[in-house]
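Letters A, B, ... mirror the listed sequences (proteins, then strands); counts begin at 1. Please read these numbers as outputs of a predicted model, since none were measured by experiment.
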Amino acid sequence: MRFGIAVFPGTWSDRDCAHAVKLDGHEAVELWHKDRDLHGVDCVILPGGFSYGDYLRTGAVARFAPLMDSVQEFAAGGGLVWGICNGFQVLCEAHMLPGALVRNGSLQFRCEPSWLRVESTDTAYTGALRSGQVLQIPVSHGEGRFVADAATLDLLEEQRRVVFRYVAPDGGAVGEASPNGSLRDIAGIVSEGRNVLGMMPHPERACEQLLGSADGMELIRSVAASLSRTASFA
Amino acid sequence: MIYAVEVAVTLKPVVNDPQGLVVRDGLRQLGFSQVRSARVGKVIALELEASSDGEARAAVVEMCEKLLRNPVIEDFHIESLVAGAEVG
Amino acid sequence: MIYAVEVAVTLKPVVNDPQGLVVRDGLRQLGFSQVRSARVGKVIALELEASSDGEARAAVVEMCEKLLRNPVIEDFHIESLVAGAEVG
Amino acid sequence: MTDTVQVPSEKALQEVALTGDEYRLAVQILGRHPNHVELGIIGALWSEHCGYKTSKPLLKRLPTTGPRVLQGPGENAGAVDIGEGLAAVFKIESHNHPSAIEPYQGAATGVGGILRDVFTMGARPVALLDSLRFGPLDEARQRYLFDGVVAGIGGYGNCIGVPTVGGEVYFDESYRHNPLVNAMCLGIIRHEALTRAVAAGPGNPVLLVGADTGRDGIHGATFASVELDEQSEERRPAVQVGNPFLEKCLMEACLELAGDPRIVAMQDLGAAGLTSSTAELAWRGGCGIDLDVSKAPRRESGMTPYEVMLSESQERMLLVVERGHEQAIQEAFAKWDLRSDVIGTITDTEHLVVRDGGDVVCDLPLRMVIDDVPMRHPEARRPAELDAILARDPLAATPPFDAATALLRLLGSPNIGSRRPIFRRYDHQVGDDTVLAPGGDAALLRIKGTSLAVAVTTDGNGRYGRLDPRRGAEIAVAEAARNVVATGAEPLAVTNCLNFGNPEKPEVFWQLSEAIDGIAAACEALQTPVVSGNVSLYNDTTGISIDPTPVIGMVGRLEDVERRVGAGFAADGDAVFLIGPVAAELGGSEYQRIAHGVAEGPPPALDLALERRVQDAVREAARQGLLRSAHDCAEGGLAVALAESAILGGRGVRAAVRETEHPAGRPPSWVAGILFGETQSRFLVSLEMELKVEFRALLDQREVSYREIGVIGGDRITVEGAFDVPLDEASAAFDAALLDSHA
Ligand SMILES: Nc1ncnc2c1ncn2[C@@H]1O[C@H](COP(=O)(O)OP(=O)(O)O)[C@@H](O)[C@H]1O
Ligand SMILES: [Mg+2]
């Protein structure tokens, strides 16, 4: 599979994402923010970082990059667009996903393990996972508190578009231990078409036991599996 | 002309503002018990060229709609707009 | 009375403002070529009790001196001060 | 003749931190009076900060060579060979004075500065560490400084995407008016891509890249070379706001160019801005340089040549480029939306010539401003009161509380308790290499595509230094090495940051001299040469000096990352061994501070030969895969090391130490001394029962003393006859130590 990895000024998990997908035998293609060419990739990753320093608002400026026009088209055509951390923030700013990501409730940056319960396996990113499965994947952000109005939140729940929720290691409610105070403990959501995923935690940091967890690799495998399925139908 | 414009971008009342709470409590701890509430937003000071107040105002509103505020969580209002020196 | 006060806390003019640079360039990229400069500061909206404009103003100035602004790099000015409802 | 020279006013000289004699010397060398711009430049380059005029003679005593050293002191950072054609590039630097005035920006720009030192060498920064000192946290201002500094370090490091994997923090009265903020950066590079800051080729253009130049930190260099006083308030414009986003772009652009033959030299702009960067770059290559300040882009209008030359605006780099290729290089920077301007050319005149458009505003011989820095040789005097302090017997005091209480107090001490409230605010993982994260001993980073890993740590203990600066410095080196060895890695080399008071005081100069001798002795013994460092003097406020605080940053190499060892107990039923001596030494210990509020009596003894044997034995045991955990004994001694390994591993332990069992006839603090004394050259390790025989044989053969002291398991931390505390109670105390301190 070919994973396209966007690079905006200030992006920093591009190299980690490339490393992770290569570990699973895939190709990583850099997508420079000034280009519109997606080089025929199967899945676009908008990686973590501080695009444009996250000045003004996280993701606010990156959203206008020429590359994002192509990414929007790609998504409109059903292409897989995977926003991680800053990438999630960009997707919300671009209105490709609802809601917004604001300053952590603690007002502090948080880099620590987080535990995610898989809420929906009906996406290309979670197809190979069990619903209710708990993944250990680290967070690293200062502005990851997901907010949206009640109607939007209800709609997300109703359409089963909440893909990951922060939980305690045992799968119970996370409560005070939430890394950011997200409404309804939301850690990741998908678009209505279920092809655009935004998540704050960093799966690319959890692809090797050497680094403490390999749970993130399950997501990459899911994507690869679903892509080969669609390919075989095509 | 060069206009100096200040626009305030603030969190919508429904979005809770932990930073504001910290400021409020900090002030109360310092003895400012008269403080009822505090909310923290951004103020953006712009210098731009425009030929009239109306043109300057319209431009700034458009900037807010396009970039300066996120309509999902933020409101904005123009704090001040003053015409300065001719363009040199 | 309850006063609603908005105070802007901004970087001193001589201080480097990285955020402002990104905002300026971002606006220009969006076609707002008329933008000469942009600087980003904080605006703090306070609700406080006071019996007169003077008292409210004095209190807010003191709050700025004590907590709200960092005198090393920031200035402040009161954007607006309005008397609201009686204290209920 | 010279004494008849007309000297400018006190004030004029003070502004450039020169003495009347130094001014006369300048006139003598020049054969004329320097003009305003030249005087500013001389003042900056002859300052302690740039010219090391007090410390240079002492620094010559440090060992700086070794088989693995690729670059010793004198460049932007040091470099050592770590195998596979790779080099570790690293340096530590202080930002104490700026952080005292504006903690967030002071710390942030400190991180920005040390990062530039490393990527200027062409190396990709892979790790940051921060070594911090503050006054006691019960004072609101100290909490403000602590929180601001931690936020600033995270603010810069997190944004630029270099993990902050380690550091240290201590709180002591000595730093109440002079907090210390030292930042270390480690980079990795292929040997052949190492880039030097040595100008060459007269006629080659000089490029200034990055941020516009503003009136930032003018006289920052001289500012760092004088005591803080009330007037520091007026110097506040010296505070700068860093731009990690711009630096990220600058870093990526420079790394894309590293090793490019069209790049002759790279040099970052740090203290004294254009002045020191241009002068040092040219002089290292025996060249001259001719620049036109009117070509430097400005952030503010009306800046004078003086201001442009002395501005310390951040996020700027200087490059010397092969003539004819400047345009291609400028395009490489434009890709990252970075501005670059040709501001001058390399010459063969050995002069620093500065023009402002048409007119020459400065023409100084480089030898004068760099080699002819007037050295200061202050008098050194051992503090008179020291003998009395050292003569006191720490064991004579009657313990105010029992051992269990002491243990919990120590675990809850801000100087010992969990640093998680700090390092969870730092991205310590980005890069996907952090194998041993902060919270144990040294951090360990794997190197992708190899089996290698690098260990990195910082250490220093001002209280030992107060009692004995030489031994304090030796211990700092030894402990840093111990932290590296505890991961299984081999200590390779050292960077150091010398934080001291005003060297014009004989006692302070004595401390500095002693400490440097201590570092030299320990680095010799452990064969870890010093490859880079930084000196921060004048950490005095209204006459009070900080404790002598040499901070050692050490880098080690682990051949096989699979052989790494963690600090936490790994499995129930494993045997726990103490390796190294057992003694009752409480002088300068954290226990002494908590129990009696003093630091007196001799600091722990250190036998460097023994230290070496112990470290080699532990490393060999790790290499053979015998160890399941290893932790050095540091602050809080044996008992705290035991508790830390238990807490980190989430497992109880039951141990016995016979010296604690029959205290009859011993001095009152004997048991406390055995349990909490900070005796050096010790590790606490655990291993599978089946491996004990093999392990003992290894230690016997290496003539290292050891003893089996207990077994892992249960939910209590027990030393028979001394204390027996529930694991969760100990964890709670440990975790809470820094929690309610805002950080
Ligand atoms: N200021 C800090 N920033 C980041 N990590 C820190 C800091 N202070 C301590 N640490 C980490 O916490 C752990 C314990 O620190 P410390 O008690 O100084 O260890 P040691 O005594 O073994 O040197 C180490 O991993 C260290 O890197
Ligand atoms: Mg240690």
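Of all residues in residues 23-33 of chain A, those placing a non-hydrogen atom less than 4.5 angstrom from a non-hydrogen atom of chain D are A/W32, A/H33. Residues of residues 164-178 of chain A never come closer than 4.5 Å to chain D when only heavy atoms are counted.
In this structure, A/Q108 CD and D/R424 CZ are separated by 6.5 Å, a value rounded to the nearest 0.5 Å. To the nearest 0.5 Å, atom SG of residue A/C111 and atom CZ of residue D/R420 are 10.5 Å apart.
Using a 4.0 Å cut-off between charged nitrogen and carboxylate oxygen, D/D337 and A/K34 count as a salt-bridge pair. A salt bridge links D/R446 to A/E208: at least one charged side-chain nitrogen sits closer than 4.0 Å to a carboxylate oxygen. We find that D/D433 and A/R15 are not joined by a salt bridge, their nearest charged nitrogen and carboxylate oxygen being 4.0 Å or further apart.
Under a 3.5 Å cut-off, the side chain of A/W12 and the backbone N or O of D/C159 do form a donor-acceptor pair. Remark: side-chain polar atoms of D/D427 are not paired, donor with acceptor, to backbone N or O of A/S140 under 3.5 angstrom.
Counting non-hydrogen atoms of neighbouring residues, nucleotides and ligands closer than 6.0 angstrom, the CZ atom of A/R2 exceeds 12 such neighbours.
For the set D/T434, D/V162, D/V435, the count of heavy-atom pairs under 4.5 angstrom toward chain A peaks at D/V435.
Looking at D/E252, neither its backbone nor its side chain comes within 4.5 Å of chain A, counting heavy atoms on both sides. With a threshold of 4.5 angstrom between heavy atoms, D/L436 does not approach chain A through any atom at all. Neither the backbone nor the side chain of A/S106 has a heavy atom closer than 4.5 Å to any heavy atom of chain D. If you measure heavy-atom distances from A/Y52 to chain D, the contacts under 4.5 Å come from both the backbone and the side chain.
A 4.5 Å side-chain heavy-atom check between A/Y55 and D/N243 finds at least one atom pair inside the cut-off.
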